[in-house]
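These notes are about the structure you will find just below.
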Amino acid sequence: MSDTSLPIDAEYDVVVIGSGASGKSAALAAAQGGLTVAILEKLPETGGTSVYAEGTAAFESSEQKARGVPDAPGAHFPTKEEGFRRYTDYSHHRANPDVVRVQVENTAETIDLYTSLGITYTDVSIYAYDQPYELYTFHRPEGLGARCQEVLLTAVEDAGVEIFTSTPAKRLVIEDGAITGVVAEDSDGKTLRIAAKAVVLASGGFGNNADLVAKYSWFPRTAHAMYQCVPTANTGDGLAMALQAGADTEALGTVMIAACAREKMLTSHSSGAGSQPVLWVNKTARRFASEEVAMSFADSGNTMAKQPDATVYAIIDQATVTHLMVEGSDIGLGDFIPFHAKLDHLQAELDEDVAIGRAWKADTIDDLAREVGLDPEVLTATVEEYNTACDKGEDPLFFKPARFLRPVSTAPFYAINMAASVLVSCGGIRVNGNLQVVDRDYTPIPGLYAVGMEASGLFGDTYNLDVPGTANGFSHASGRVAGRHVVATLKG
């Protein structure tokens, strides 16, 4: 039996697939425009990756205007023009200008929306306080992304949107080239046909599907060796449906990668220690980059993704452990590892990790290498060369700044098993400035939209941490723009 011959179980003007920030934003805009809306969520709860978000990027927002200037000497809040140019230049002009315009023109409204829903913004700053190139776009809300998703969910429900959890969408219903609905499966495994005049794909991309990451990303050889530090279910459902409808694949492949200790969350202090600009070696026991790249998690993720098996070992000594616990981190990782935060759980975490074989400890570098499975002679030479650079305050190999040259000389010594981790894909389905999914001729597919990390057009090959809060900002802005375009289209 074909999908078009299945009986219709329900009918809405709009069906949104996914309940994260982009999906709920699209649903809210459509419902406020007078349309009937349903959200299909395959998990038992709503929220998606957005619950892990920290801040939201915005340009010329009410919060920025109220503050006048950032709380930092010589800093300023960027204009929309600066934002447009930064996205375009950072992407090496691979970004879609129509999509970039969606971001810079519509993110300020997100801040006003959340303020009206009771959210208070504690500051507008940057993500990494030691990163000199970031624009001051990072709007940090009380309660972070989890709280924002709570209040947005209430707003969506109050607007009359019907939400069906544990109801995964399986495929689109297509008639004469236009989208006319969705085939889904309810919590009991029953097949449902839901009719709709428009479908919005908002399932968060394909970052948790190693096969798709390997197929579409620039690191196919290491994709299956990566560790997922964010427990989401973004497995490419929306992408599969878009391809079913004839969507273009030209812009696929951009992913947001971070450095993280294997089997650890981003808040882990042992992971935070390994993500500092300490001595990093790969499986050859040699250095491979200036570890100052740690100041940008997107760049450090890219750097680690290039290594054999996307695996890196952070080599630290007891003096560094004490330094990080007593004096605090040298660099920050947003609210996960705040700038100069004391990593007071570090020793306990390291002891636990060593005990279960997740990290290694030894009284000599030679023994540490044997514990890890590295070549002792090579690792010893690497550490000696690195310590010489630390003593001189000058790194002739990679020109690492002297302030980050901390020697590895006080026993015992530790090796933290680090890995590149895909947080989310952010180069997905090709769309136009209305967030309509387009085919290879850039012709919109009638009735089909993609928003948030499902959509492409804002990046080149790397997530732009120079504009902190970009992913979360785009999720909200793109969702609203798509929802309003559906309203305008269906209401003429």
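One is the number of the first residue; the rest follow in order along the sequence. Everything quoted here is computed from the prediction, not taken from an experiment. FYI, side chains are in, hydrogens and waters are out, and symmetry mates aren't considered; it's all heavy atoms of this structure.
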Could you tell me whether a side-chain N or O of [X] sits under 3.5 Å from a main-chain N or O of [Y], the two making a donor and an acceptor?
| X | Y | value |
| --- | --- | --- |
| Ser25 | Ser22 | no |
| Gln64 | Ser61 | yes |
| Ser116 | Leu113 | yes |
| Trp280 | Gly274 | yes |
| Thr137 | Ala58 | no |
| Glu41 | Ser19 | yes |
| Arg480 | Asn106 | yes |
| Ser329 | Gly332 | no |
| Gln103 | Val99 | no |
| Ser91 | Arg94 | yes |

Starting from the C-alpha separation in whole Å, work towards a yes-or-no answer on side chain to side chain contact (heavy atoms under 4.5 Å, CB included) for Leu40 and Ile163.
-> CA-CA 6 Å; Leu40 304 183; Ile163 302 174; over 6 Å; no

Taking atom types as modelled, find out whether Thr254 and Asp461 have a side-chain donor-acceptor pair closer than 3.5 angstrom.
-> no

With a 3.5 Å cut-off and no angle check, do the side chains of Asp330 and His340 form a donor-acceptor pair?
-> no

With the side chain counted from C-beta on, respond yes when [X] and [Y] share a heavy-atom pair under 4.5 Å apart, and no when they do not.
| X | Y | answer |
| --- | --- | --- |
| Val438 | Val431 | no |
| Lys197 | Val14 | no |
| Arg67 | Val124 | yes |
| Lys306 | Phe288 | no |
| Leu333 | Tyr127 | yes |
| Ile194 | Phe164 | no |
| Ile179 | Ile174 | yes |
| Leu239 | Tyr216 | yes |

Given Thr167, Thr235, Thr165, the one that forms side chain to side chain donor-acceptor pair (under 3.5 Å) with Lys42 | Thr235

Applying the side chain to side chain donor-acceptor pair (under 3.5 Å) test to Glu454, which of Ser203, Ser478, Ser475 qualifies?
-> Ser203

Taking only Lys NZ, Arg NE, NH1 and NH2, and the carboxylate oxygens of Asp or Glu, determine whether [X] and [Y] approach each other closer than 4.0 Å.
| X | Y | result |
| --- | --- | --- |
| Glu82 | Arg85 | no |
| Glu109 | Arg484 | yes |
| Arg140 | Glu54 | no |
| Arg287 | Asp395 | yes |
| Lys342 | Glu327 | no |

Summary of ring pair (Phe, Tyr, Trp, His ring centres under 6.0 Å) pairs that have at least one residue in [range], sequence neighbours excluded:
| range | result |
| --- | --- |
| residues 234-276 | His269-His345 |
| residues 433-491 | Tyr114-His476, Tyr449-His485, Phe459-Tyr463 |
| residues 56-79 | none |

Measure the [atom1]-[atom2] distance between [X] and [Y] for me, rounded to the nearest 0.5 Å.
| X | Y | atom1 | atom2 | value |
| --- | --- | --- | --- | --- |
| Ile331 | Ile337 | CD1 | CD1 | 10.0 Å |
| Asp123 | His139 | CG | NE2 | 9.5 Å |
| Thr120 | Glu142 | OG1 | CD | 5.0 Å |
| Thr46 | Gln149 | OG1 | CD | 7.5 Å |
| Ser290 | Lys400 | OG | NZ | 6.5 Å |
| Phe336 | Leu144 | CZ | CG | 8.0 Å |

Less than 3.5 Å apart, which donor and acceptor atoms pair up between the side chains of residues 419-429 and the rest of the protein, not counting sequence neighbours?
residue, atom, partner, partner atom, Å
Ser421, OG, Tyr227, O, 2.6
Ser421, OG, Cys229, N, 3.1
Ser425, OG, Phe206, N, 2.8

Between Ala223 and Val213, which heavy-atom pair has the shortest distance, and what is it?
-> CB-CG1, 3.8 Å

Given side chain to side chain contact (heavy atoms under 4.5 Å, CB included), test Val161 with Leu28 step by step and report yes or no.
-> CA-CA 7 Å; Val161 175; Leu28 181 61; 6.0 Å; no

Given Glu60 and Lys65, is the salt bridge (charged side-chain N to carboxylate O under 4.0 Å, His left out) satisfied, shown in steps?
-> CA-CA 7 Å; Glu60 301 181 27; Lys65 293 173 182 176; 5.2 Å; no

Any pair counted as salt bridge (charged side-chain N to carboxylate O under 4.0 Å, His left out), so long as it reaches residues 435-446, sequence neighbours left out | none

Going through the checks in order, is the side-chain hydrogen bond (donor to acceptor under 3.5 Å, both in side chains) test met by Glu162 and Tyr12?
-> CA-CA 10 Å; Glu162 296 188 34; Tyr12 298 89; 3.0 Å; yes

In terms of heavy-atom contacts, does CG of Asp71 have more than 12 from other residues, nucleotides or ligands at under 6.0 Å?
-> no

Can you tell me if NZ on Lys215 sees more than 12 non-hydrogen neighbours from other groups inside 6.0 Å?
-> no

Scan the side chains in residues 258-267 for donor-acceptor partners under 3.5 Å anywhere in the protein, sequence neighbours excluded, and list what turns up.
residue, atom, partner, partner atom, Å
Arg262, NH1, Ala225, O, 3.0
Arg262, NH2, Ala225, O, 3.0
Arg262, NH2, Asp309, O, 3.4
Arg262, NH2, Thr311, OG1, 2.9
Lys264, NZ, Glu349, OE1, 2.9
Lys264, NZ, Asp353, OD1, 3.2
Lys264, NZ, Asp353, OD2, 3.4

Which of Asn472, Thr107, Thr470 passes side-chain contact (heavy atoms from CB on, under 4.5 Å) with Thr56? It is Asn472

Check the pair Leu465 / Asp299 against side chain to side chain contact (heavy atoms under 4.5 Å, CB included), numbers first and verdict last.
-> CA-CA 9 Å; Leu465 200 60; Asp299 291 338; over 6 Å; no

Side chain to side chain contact (heavy atoms under 4.5 Å, CB included) assessment of Lys24 paired with Ile39 | CA-CA 8 Å; Lys24 289 201 287 289; Ile39 293 177; 4.3 Å; yes

